[in-house]
Amino acid sequence: MPELPEVEIIARQLREEVVGRRITQARVLWDRAVQGMEARAFEADVAERAIIGVGRRAKYLLLTLGAADGVAATDDSAPAAGSAMPTDLAANVTDATNDADERVLIIHRRMSGNVILVGPDELAAGAEAFDPYTRVDFTLDDGWHLVFSDPRKFGRVALITPDALPAYFAAIGPEPLEAAFTAEALSARLANRRGPIKATLLDQSVIAGLGNIYADEALFRARIHPLRPANSLTPDELRALRDGIQGALETGVAHGGVTFGRHRDIHNEAGTNLAHVEAYQRTGQPCLRCGAPIRRIVVGQRGTHYCPECQRLP
DNA sequence: CTATAAACCTGCTGGC
DNA sequence: TGCCAGCAGGTTTATA
């Protein structure tokens, strides 16, 4: 469900709403939602920590938590809205006076996960009553709750020390919305890839943050057939693809993410990007450029939508 | 190393 | 109306 734009939306909202709040309690309702440690240990280590920063890397949501002694570390490196990149976290790591006591709470929503901020009134009957798919329930010091809901149970939370961040993301490719993501950089990432470009765009070690929707959208914008070998693109096509990737993602962010499916923002509201999707799930409907019916094929086990006229194989 | 398939889960949709 | 196969926006693991 959530790809880069949907996670970015959540990160921005959380930055406005929960930075400065303290997590008084963490309750894991489905133990396997916790990655890398026992659920009870996770609960114990999260409790009484203040949220001092919010970031995003790829499709991962990152909440920097202060020491649990009740005195939150000063957040001199609070990320500005819209720049929740690893550089901010790196700054946190180097600037903080007591990083050894800090933690990074990592949340990945996978297919069906949502992170929702819920008021005390709504939660009066309990998190399970509010949402039967609640997997982790964080109580904040102002009485609100951060609820991680996930029907399909694919989503995961993890808690690591800041110095473990580089290793955690060692296998994740570059952020496509950063200035360094040029056509040349994209070309280098695709150089040894002979598989179909659509499948390669979904490989998070090649590029971070693209999922099935935005991969289709990026290829549609760039007029590139999804089955083209990734390393066969011309310089012009590489430029078009870079622009297509950034354009599709930025459009997604601008409209709060996709409308269909289960994606919700932290206020449990759907996004409005449905009207701005040009290829994804438009099978049989006319191409917005040429009118030809959009076709659906399967590439790398994933449904793939493209215009057979605008996106041709050579 | 690259590439493909299966596995992890549950809910929803469409066809019969 | 009711049932069931098939499908779903992601990642990890196992196998070629």
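Computed from a predicted model, the values in this text were never measured in an experiment. Labels below follow one simple rule: chain letters A, B, ... track the order of the sequence lines, proteins then strands, and each chain is numbered from 1.
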Measure [atom1]/[X] against [atom2]/[N] and give the value in whole Å, please.
{"X": "A:I197", "N": "B:dT2", "atom1": "CD1", "atom2": "P", "answer": "14 Å"}
{"X": "A:L61", "N": "C:dG10", "atom1": "CG", "atom2": "P", "answer": "16 Å"}
{"X": "A:R156", "N": "C:dT13", "atom1": "CZ", "atom2": "P", "answer": "11 Å"}
{"X": "A:I172", "N": "C:dG10", "atom1": "CD1", "atom2": "C1'", "answer": "11 Å"}
{"X": "A:N212", "N": "C:dA8", "atom1": "CG", "atom2": "C1'", "answer": "9 Å"}
{"X": "A:F169", "N": "C:dT12", "atom1": "CZ", "atom2": "P", "answer": "11 Å"}
{"X": "A:Q281", "N": "C:dA8", "atom1": "CD", "atom2": "P", "answer": "8 Å"}
{"X": "A:R189", "N": "B:dC1", "atom1": "CZ", "atom2": "P", "answer": "13 Å"}

Aromatic A:F220 / basic A:R289 pairing, under 6.0 angstrom, 45° off normal: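 Cation-pi check for A:R289 and A:F220: passes.
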
Write out all pairs satisfying salt bridge (Lys or Arg N to Asp or Glu O under 4.0 Å) with one or both partners inside residues 125-135 of chain A, taking only residues at least two apart or from two chains.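 Every pair satisfying salt bridge (Lys or Arg N to Asp or Glu O under 4.0 Å) with a residue in residues 125-135 of chain A: A:R27-A:E128.
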
Sequence neighbours left out, what pairs pass salt bridge (Lys or Arg N to Asp or Glu O under 4.0 Å) with at least one residue falling in residues 202-212 of chain A?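 Output for this query lists A:R193-A:D203.
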
Among [options], find the nucleotide with the atom closest to the side chain of [X].
{"X": "A:Y60", "options": "C:dG10, C:dT12, B:dA3", "value": "C:dT12"}
{"X": "A:R193", "options": "C:dA8, C:dT12, B:dA3", "value": "B:dA3"}
{"X": "A:P151", "options": "B:dG11, B:dT2, C:dG10", "value": "B:dG11"}

Taking only side-chain nitrogens and oxygens of [X], does any of them come within less than 4.0 Å of OP1 or OP2 of [N]?
{"X": "A:R302", "N": "C:dG10", "result": "yes"}
{"X": "A:H108", "N": "C:dT11", "result": "yes"}
{"X": "A:K153", "N": "B:dC8", "result": "no"}

Contiguous Watson-Crick or G-U pair runs (3 or more, under 3.5 Å) in DNA chain B: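 Ordered by first number, the stems with DNA chain B (at least 3 consecutive pairs each) read B:2-8 with C:10-16, B:10-16 with C:2-8.
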
Can you tell me how far P in B:dA6 sits from the matching atom in C:dG6, rounded to whole Å?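 Taking atom P in both B:dA6 and C:dG6, they lie 14 Å apart.
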
Which value, in whole Å, describes the distance between the P atoms of nucleotides C:dT1 and B:dG11?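 That atom pair is separated by 23 Å.
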
List the residues meeting side-chain hydrogen bond (donor to acceptor under 3.5 Å, both in side chains) with [X], not counting sequence neighbours, and say none if there are none.
{"X": "A:D121", "answer": "none"}
{"X": "A:S187", "answer": "none"}
{"X": "A:E309", "answer": "A:R312"}

Quick check on the hydrophobic clustering: are A:V299 and A:L210 connected, directly or via other members, by side-chain heavy-atom contacts under 4.5 Å?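 Different hydrophobic clusters.
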
If hydrophobic clusters are built from ILVMFWY residues whose side chains come within less than 4.5 Å, do A:F181 and A:L4 share one?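 Linked within one cluster.
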
So what does A:R296 hit on the nucleic acid, given a heavy-atom distance under 4.0 Å: a base, only sugar-phosphate, or nothing?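 Contact class for A:R296: sugar-phosphate only.
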
Does A:R194 reach a base, just sugar-phosphate, or nothing at all? Heavy atoms under 4.0 Å.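 Contact class for A:R194: sugar-phosphate only.
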
Heavy atoms only: give me the nearest A:K153-A:S112 pair and the separation to one decimal.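 Nearest pair, atom of A:K153 first, then A:S112: N-OG, 4.5 Å.
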
Residues A:D150, A:R110; criterion salt bridge (Lys or Arg N to Asp or Glu O under 4.0 Å); working and verdict: CA-CA 9 Å; A:D150 184 25; A:R110 292 280 181 97; over 6 Å; no

Between A:D163 and A:T161, do the side chains contain a donor N or O and an acceptor N or O under 3.5 Å apart?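 Indeed, the side chains of A:T161 and A:D163 share at least one donor-acceptor pair under 3.5 Å.
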
Tell me, do A:L190 and A:L238 make a side-chain contact under 4.5 Å, heavy atoms counted?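 A side-chain contact under 4.5 Å exists here.
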
With a centroid cutoff of 5.5 Å and a plane-angle limit of 30°, would you call A:F154 stacked on C:dT11?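 One would not call A:F154 stacked on the C:dT11 base.
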
Walk me through whether A:R12 and A:E16 qualify under salt bridge (Lys or Arg N to Asp or Glu O under 4.0 Å). CA-CA 7 Å; A:R12 291 182 183 184; A:E16 294 300 315; over 6 Å; no

Under 4.0 Å from any atom of DNA chain C, heavy atoms only: list the residues of residues 198-210 of chain A that qualify, in numerical order.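 Here the set is A:Q204.
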
Applying salt bridge (Lys or Arg N to Asp or Glu O under 4.0 Å), run through A:R109 and A:E6 and close with a yes or a no. CA-CA 10 Å; A:R109 301 162 58 192; A:E6 289 74 35; over 6 Å; no

List every contact pair, protein side and nucleotides 14-16 of chain C side both N or O, where the distance is under 3.5 Å.
none

Applying ring-ring contact (aromatic ring centres under 6.0 Å, His included), name anything that partners A:F42, two or more places apart in sequence or on another chain.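 Expected list: none.
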
Applying ring-ring contact (aromatic ring centres under 6.0 Å, His included), name anything that partners A:H255, two or more places apart in sequence or on another chain.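 By the ring-ring contact (aromatic ring centres under 6.0 Å, His included) rule, A:H255 matches A:H276.
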
On a plain distance test, is the side chain of A:R152 in donor-acceptor contact with the base of C:dA8 below 3.5 Å?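 Under the 3.5 Å cut-off, the side chain and the base do form a donor-acceptor pair.
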
Answer yes or no: is there an ion pair linking A:E3 with A:K59, defined by an N-O contact shorter than 4.0 Å?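 Judged by the 4.0 Å cut-off on N to carboxylate O distance, A:E3 and A:K59 do not form a salt bridge.
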
Under 3.5 Å, which protein N or O atoms sit close to an N or O of nucleotides 12-14 of chain B? Give each pair with its distance.
none

Side chain to side chain donor-acceptor pair (under 3.5 Å), paired with A:T251, selected from A:R221, A:Q246, A:E278, A:E217: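 The option that passes is A:R221.
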
Identify all pairs in which a protein N or O lies below 3.5 Å from an N or O of nucleotides 5-7 of chain B, and state each distance.
from  : atom 1 : to     : atom 2 : distance (Å)
B:dA5 : N7     : A:Q301 : NE2    : 3.1
B:dA6 : N7     : A:Q301 : OE1    : 3.1

